[in-house]
Structures are given as C-alpha cells and as structure tokens.
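Residue numbers begin at 1 in each chain, while the letters A, B, ... track the order of the sequences. Here the structure is a predicted model, which is why all the values come from computation and not from measurement.
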There are 2 protein chains.
Amino acid sequence: MATPPTSQSKPYHHGALRQALLGAAEARLAQSGPDGLTLRAVARDVGASHTAPRNHFDDLTGLLSELAAVGFERFADHMQAAAAEQVAPMARFNATGRAYVEFAVANPGLFQLMFRSERLDAGRPALRDAMARAYRVLQEAVAAAHPGRGDMSARVARAWSLAHGFAMLLLDGRLDPLLADQSGAPEAMRLLEAILAID
Amino acid sequence: MATPPTSQSKPYHHGALRQALLGAAEARLAQSGPDGLTLRAVARDVGASHTAPRNHFDDLTGLLSELAAVGFERFADHMQAAAAEQVAPMARFNATGRAYVEFAVANPGLFQLMFRSERLDAGRPALRDAMARAYRVLQEAVAAAHPGRGDMSARVARAWSLAHGFAMLLLDGRLDPLLADQSGAPEAMRLLEAILAID
DNA sequence: CTCACATGTTTCCATTGGAAACATCAACGA
DNA sequence: TCGTTGATGTTTCCAATGGAAACATGTGAG
C-alpha cells in the first residue's frame, strides 16, 4: 500500500521551508492583516503540517520575530537608500523621515508587527541586530543634521517620535479627518511635508 | 433537588454585570496586558458564564470598544484638567502634550487598546463620541497656542504625532536606550521635556 | 554502511470566540 | 391578581488555534 514515488507526490522534505514560511507569513500579513497571520494558516499555505514551523522557529513568537527582523532590515535599507540620494545633511535628515513613513504606508502589516513588542522576542539575534541597525540609520541621520549641538538623545527622540507617531496615526486611520478625504498615500505625504515645513 | 435560595446562593441576575465586566476587563488589561484580556477570563473574574457579555456588548470587539470608549473619556478628562491648570496658551499646549504621555504611561494597556483599531469598532456611538471629544481637546490646545497662522491641520498633526509617537515608542520600550537606564517614568518625562525644549 | 540528527507528520489537548437553545426573573397590562 | 413578554444569564455545542509528544523520513559524516 506504500505510495510509489510518482512525479506528483510531494517530497517528504520541502527543501526550503524556512524561506517559504517567511514568504507566506508576509503575504498573509499583507493581505489579511496582523490577525490573519496564523501559524496554521501559514503552514497550510505552504502545504506543510501546522507543527512544521516549530523546527525552524520555535514558536509563533519565533516566526513573528524572524519576520519582523526581515522587516527591520528592509526598513533600514529603505531609509538608507533614501538618505543616500541627498547630499545636504538636512535634506538627508528629511529624506530619512519621509522614508520612515513611506515604508510604513507601503508595508502596513509588517510595520505594525515590527512595533508590536508583546508578540515579538527581542532577544532573538536576528531581530536584535536588525533593530539595532535601523536605529543606527536613524541616529546617524539626526546626528549629521544637527552636529554636536544640544542634547542628542532629545533630538533623536524627537525626530523618531514625530515620524513614528505620524506613521502610526496614519495607519490607524486617525489622521483621516485631517486628510482632505481624497484618500490615499499622496495626501498623507503632503501632510507630512506640511509638518516638516513648520518652523 | 432544587437548590433552596440560601443566603450564599448567588442571585441568577448579577444586577450590574455591564459595569462589573468593564471593571474586570480593565483590571485584566492593566495586569496581564492586552493579550490577557480574554472574553472568558473576564467573565470568569466576575463569576458569570462566558456568553454573558454578549447581552451587554455583542462581541469581544464590542467589549473592547466600550472599554476603549471609557479610556478615551478619561484621556480627554486628563488632558483637559492638565490644560486647565495653565493660563498662558503655550503653557496649556505643552501641558496637554505632557498629559498625553502621562496618561499613556499610567495606563499602558488601556492606551494601547485605544489605538489598536483593528480590534475596535469605531462605529460604536460611545467610542465614536469619546474619540471625537479627545480629538477636540487636542485640537483646541493647538489652535489656542498657534492662533490663526499657518496650516492648522499640519500643526495638529505635528503635535499629535510627536506626543503619540513618543508615547508609543516609550510603551514599547524602544526609547530605553535613550533613557539613561535609571528606568521609570521620571526619566521618560525628563526626555519629553528635553524634546519640548528644542527650538 | 549505518546511525545520529535535522526536518516533517500525526495525534492529542486546553483555550478561545461564537451560535443556539434553554432558564430565570422583573415589569407591565388585562 | 395573574400571565406573558423581553431582558439577562446559563448550558451545550462547534470550529479554530497554539502547543506538546510521539513517530516517520531522509541525509550526511564517520
């Protein structure tokens, strides 16, 4: 009764389950939001049993953390690339802030996951490193724009808070009343420009 | 076999289940975080069956939304009270911002729930009204501090983003590296003061 | 070769949110 | 006074989830 290995029989081992799971997880996150991201659903999408992820990530927390790590790497990349297009320190600073918000708008589910610490394990090396890198990108943008003067911690905290708060409120739809309801990202980025123009 | 109504037999009807449930929900939220807040757990805490909440709130979403509404009312109260202690418009503006963060620090679970829109139903009248009131308090603080000049939407968005981002990053522990790890709220508020002092 | 180990699967369990049917009680009208 | 009606609760059932444990299948190193 043993099934002969026909061409259509799936191999017992997937071969690249880890990557497949991360990919499926991100797809689900993008399509169904942070709550549609289920261990079982992701496993199903890949055609694996729901306990298979355990071998690669320990936990649901583990899977989410690794996914968040990927997110932070891309996040850092995006900000770095945006900054690299500018030469003047202040322009680089603003470009970094814009990139912060752009990333959040382009990857809402992923971004929210990245900042939902209760579902993540910040102890995971991949996540820890990726977060540290993203933070460093931010910090450097601030330091370059305001060399030496004043409380640097406060300047970093301020810039970060502004970008982060704007992104969070935007994703949560809280800024909708402020965005002449033409809806969409262009309006949001215009509001951000107006914010940056103050002072 | 019918249990005679002894003095220790619980009455079939609770009498104030709705309030009891909201109270228990908030207690759980405060103690176990947003994930410990379970429909069944809350019902258990109150000594009711797990379907009892359905009569007062429809859903888990309903319960969370009503709780968030309570949160927004208190949030508005707190900011309003803080502003009322000041006379100068700019002082009122800053006091409102401080109150924003203070509330978040004092009620982390509740605050996070209030801004987790995917678990809330913003269509609920109580929530809708409470959110609108809190928003109005913010808006007035901004308008009073910067009468007439400039893009008012941008000023509101900026002040809100700054306060909200700071609060969120703080609750998520993201600012810990910036807070000389003497830990705790006082340090955080000092960082906020430093932010407000810039420019 | 063969055997240890990584990678997967099956099976089981407790917990959760919700639906449906039923129980209790209080208030109002004939 | 007495029903009956609707609000408030309970019991029972169900599907989905995350996880534990035991087992299956390959693969590569000695």
What does the list of N/O pairs under 3.5 Å between the protein and nucleotides 12-18 of chain C look like, with a distance for each?
residue : atom : partner  : partner atom : Å
dG17(C) : OP1  : Leu39(B) : N            : 3.1
dG17(C) : OP2  : Leu39(B) : N            : 3.1
dG17(C) : OP2  : Arg40(B) : N            : 3.1
dG17(C) : N7   : Arg40(B) : NH1          : 2.3
dG17(C) : O6   : Arg40(B) : NH1          : 3.0
dG18(C) : OP1  : Asp59(B) : OD1          : 2.9
dG18(C) : OP2  : Leu60(B) : N            : 3.0
dG18(C) : N7   : His50(B) : NE2          : 3.3
dG18(C) : O6   : His50(B) : NE2          : 2.7

Rounded interatomic separation in angstrom, taking [atom1] from [X] and [atom2] from [N]:
X	N	atom1	atom2	result
Phe57(A)	dG18(D)	CZ	P	14 Å
Arg18(A)	dA6(C)	CZ	P	15 Å
His56(A)	dC5(C)	NE2	P	18 Å
Leu17(B)	dC25(C)	CG	C1'	14 Å
Leu21(B)	dT8(D)	CG	P	12 Å
Asn55(A)	dA21(D)	CG	P	15 Å

Problem set entry | Mutual orientation of the aromatic rings belonging to Phe111(A) and Phe75(A) [parallel < 30°, tilted 30-60°, perpendicular > 60°] |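 Answer is perpendicular, since the angle exceeds 60°.
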
For this session: Check each of Val137(A), Val105(A), Leu138(A) against Tyr100(A) using the side chain to side chain contact (heavy atoms under 4.5 Å, CB included) test, and report the only one that passes.
Result: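 The residue from Val137(A), Val105(A), Leu138(A) that satisfies side chain to side chain contact (heavy atoms under 4.5 Å, CB included) with Tyr100(A) turns out to be Leu138(A).
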
Problem set entry | Side chain to side chain, Tyr135(A) and Arg174(B), heavy atoms closer than 4.5 Å |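 Tyr135(A) vs Arg174(B): side chains apart.
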
Problem set entry | Pairwise side chain to side chain donor-acceptor pair (under 3.5 Å) hits with a residue in residues 84-93 of chain B, at least two apart |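 For residues 84-93 of chain B: none.
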
Exercise. Charged N to carboxylate O under 4.0 angstrom, Arg116(A) versus Glu118(B)?
Worked result: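 Looking at Arg116(A) and Glu118(B), the cut-off is met.
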
Exercise. Does a donor on one side chain sit under 3.5 Å from an acceptor on the other, for Arg136(B) and Gln80(B)?
Worked result: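 There is no such pair between these side chains.
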
